[in-house]
Amino acid sequence: MSQTSAEQLQKDFQLVHQLADLADAITMKRYQSLDLIIETKPDATPVTDADKATEEAIREFLARERPNDLVAGEEFGVPDLTGDQRYWIIDPIDGTKNFVRGVPTWATLIALAEPNGEIIVGMVSSPALFRRWFAAKGEGAFVSVNGEEAKRIRTSQVKNLSDASISYSDLIGWGERLNAFIDLQSKIWRTRGIGDFWSHMLVAEGSVDLAVEPQLALWDMAALDIIVREAGGQFTNIDGQPGPHGKSAISSNGLLHDQFLEAINPAMRN
Ligand code: IPD
Ligand code: CA
Ligand code: CA
């Protein structure tokens with residue numbers, strides 16, 4: 001398939017809201033229910049019946065509405081993505097550990113990629129936070145709170161790490177960068193482990209200046225990438241590689257990105 005046309009992009013941007021509605025109906029029905037089925041996956045992380053039902057419903061919908069596109073999802077697998085088909089990337093519930101404990105910071109993440117891997121549509125739907133963030137290539141990034149009219153969002157203007165608010169997930173997965181990251185915490189204005197998709201959406205809204213997670217999969221990041229970039233920010237992995245294909249994430253307002261990369265990667269310093 002060739003590059004998505006502007007007309008097709010508008011249709012895909014509408015469709016992603018239908019997918020989010022579908023997901024919200026399933027996840028909200030199961031959130032905080034007493035009979036939630038929780039299993040442990042081979043990677044020792046939890047998965048619930050809600051994660052599986054949500055991904056299944058999205059896959060069924062896409063099979064009907066976009067039969068020529070591929071679907072890569074956390075719970076039901078990733079096909080060969082090296083051909084010439086577009087592909088949707090689904091994390092049915094990001095923040096499953098929060099979901100099972102009744103913490104409202106969880107969301108369904110949906111993205112659409114061109115065959116070359118460029119993300120052109122992103123949706124983060126977080127019904128327990130009453131919020132939905134979304135973006136499409138060249139259209140800007142938006143938040144809708146409580147189903148109200150969407151508002152355009154933009155990243156912050158903070159230029160120095162000493163004035164910056166940074167959010168991260170936790171201290172797991174940092175490897176040899178851990179000490180550099182811990183040292184940096186005392187030099188930054190404010191740090192909080194807000195975690196999951198929310199850290200990055202707060203960057204897109206300009207409420208946080210930089211968010212970082214050292215170990216992630218494509219489905220954790222694809223939707224975040226385009227929302228942060230369309231809000232005026234920058235999205236790379238922790239080595240500075242642009243996009244969501246690099247197994248880790250730094251999202252920022254763009255102004256702090258290189259300073260942060262240098263701080264956690266001593267080899268990048270002059
Ligand atoms: C998790 C979240 C979290 C990250 C973990 C992921 P899940 O996703 O994205 O922010 O730190 O590595 O596994 O499993 O709740 O979809
Ligand atoms: Ca996830
Ligand atoms: Ca998940």
Side-chain angles (χ1 to χ4, degrees), residues 19-20 22-24 26-28 30-32 36-59 71-78 88-111 113 119 122-129 131 133 166-175 177-178 181 191-204 208 210-228 235 237-238 243-252 264:
L19 290 172
L22 185 69
D24 290 358
I26 298 169
T27 52
M28 284 306 276
R30 300 301 291 142
Y31 181 52
Q32 294 187 311
L36 190 70
I37 301 164
I38 306 168
E39 293 166 328
T40 302
K41 293 196 278 189
D43 66 357
T45 63
V47 60
T48 73
D49 58 292
D51 296 68
K52 291 182 188 172
T54 303
E55 185 170 323
E56 268 171 341
I58 292 173
R59 282 176 179 270
V71 181
E74 179 175 11
E75 308 307 339
F76 294 103
V78 177
W88 295 81
I89 305 158
I90 314 298
D91 185 344
I93 298 181
D94 182 54
T96 298
K97 288 177 181 163
N98 285 341
F99 186 87
V100 300
R101 293 298 307 270
V103 177
T105 314
W106 52 268
T108 298
L109 313 185
I110 305 164
I119 309 300
M123 164 64 74
V124 172
S125 186
S126 175
L129 293 176
R131 279 167 169 71
W133 297 264
I166 291 188
S167 177
Y168 60 103
S169 47
D170 49 41
L171 296 178
I172 298 165
W174 283 89
R177 293 181 174 91
L178 181 61
F181 182 59
T191 57
R192 284 291 181 274
I194 297 169
D196 305 292
F197 66 92
W198 205 13
S199 294
H200 303 273
M201 294 302 90
L202 288 168
V203 171
V208 163
L210 185 144
V212 58
E213 295 199 59
Q215 264 183 354
L216 291 175
L218 175 60
W219 49 74
D220 297 314
M221 298 184 273
L224 314 181
D225 162 85
I226 185 164
I227 296 170
V228 169
F235 195 99
N237 74 355
I238 55 175
H245 298 276
K247 298 184 168 31
S248 58
I250 300 174
S251 59
S252 82
I264 60 158

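The figures that follow rest on heavy atoms only: side chains count, while hydrogens, waters and symmetry mates do not. For ligands, and for the atoms within them, numbers begin at 1 and follow the listed sequence.
- Atoms of ligand 1 lying under 4.0 Å from at least one heavy atom of Gln215, given by number and element, are 12 (O).
- Every residue was checked against the salt bridge (Lys or Arg N to Asp or Glu O under 4.0 Å) condition with Asp51, not counting sequence neighbours, and none meets it.
- The part of Glu74 lying near ligand 1 is the side chain, judged by heavy-atom distances below 4.0 Å.
- Contact of the Thr96 side chain with the Val47 side chain is not registered, since no non-hydrogen atoms from C-beta on lie closer than 4.5 Å.
- Ring-plane geometry between Trp106 and Phe99 is classed as perpendicular, the angle between the planes exceeding 60 degrees on a 0 to 90 degree scale with a lower cut at 30.
- Remark: atom 13 (O) of ligand 1 lies closer than 4.0 Å to no protein heavy atom.
- Residue Leu216 touches ligand 1 through its side chain alone, judged by heavy-atom distances below 4.0 Å.
- For Asn98, no heavy-atom contact with ligand 1 is shorter than 4.0 Å.
- Atoms of ligand 1 lying under 4.0 Å from any heavy atom of Asp220, numbered from 1 in the order shown and given with element: 8 (O), 9 (O).
- Here Trp174 pairs with Phe181 under the ring pair (Phe, Tyr, Trp, His ring centres under 6.0 Å) rule; sequence neighbours left out.
- Remark: distances from the non-hydrogen atoms of Gly195 to ligand 1 are all 4.0 Å or more.
- Assignment of Ile172 to the shell around ligand 1 is not supported, since no heavy atom sits closer than 4.0 Å.
- For ligand 1 and Asp196, the ligand atoms under 4.0 Å from any heavy atom of the residue are 2 (C), 3 (C), 10 (O).
- Listed by first and then second residue, the salt bridge (Lys or Arg N to Asp or Glu O under 4.0 Å) pairs involving residues 38-48 are Glu39-Lys52, Lys41-Glu74, Lys41-Glu75 (not counting sequence neighbours).
- For ligand 1, the polar-atom distance check finds an N/O of Asp94 within less than 3.5 Å of one of the ligand's N/O atoms.
- Proximity of a side-chain donor or acceptor of Ser248 to a complementary backbone N or O of Glu213 within less than 3.5 Å is not detected.
- Applying side-chain contact (heavy atoms from CB on, under 4.5 Å) to Thr27 and the options Thr48, Thr54, Leu22 leaves one that passes, Thr54.
- For atom 15 (O) of ligand 1, the closest heavy atom belonging to the protein is Gly95 N, 2.7 Å.
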(request) Decide side-chain contact (heavy atoms from CB on, under 4.5 Å) for Ser126 and Trp198; before the verdict, give the C-alpha distance in whole Å, the side-chain angles of both, and the deciding distance to 0.1 Å. (result) CA-CA 9 Å; Ser126 175; Trp198 205 13; over 6 Å; no
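- When only non-hydrogen protein atoms are considered, atom 11 (O) of ligand 1 lies nearest to Glu213 OE1, 2.9 Å.
- For the Ca ion (ligand 3), the neighbouring protein N/O/S atoms at less than 3.0 Å, given as residue and atom, are Glu74 OE1, Asp91 OD1, Ile93 O.
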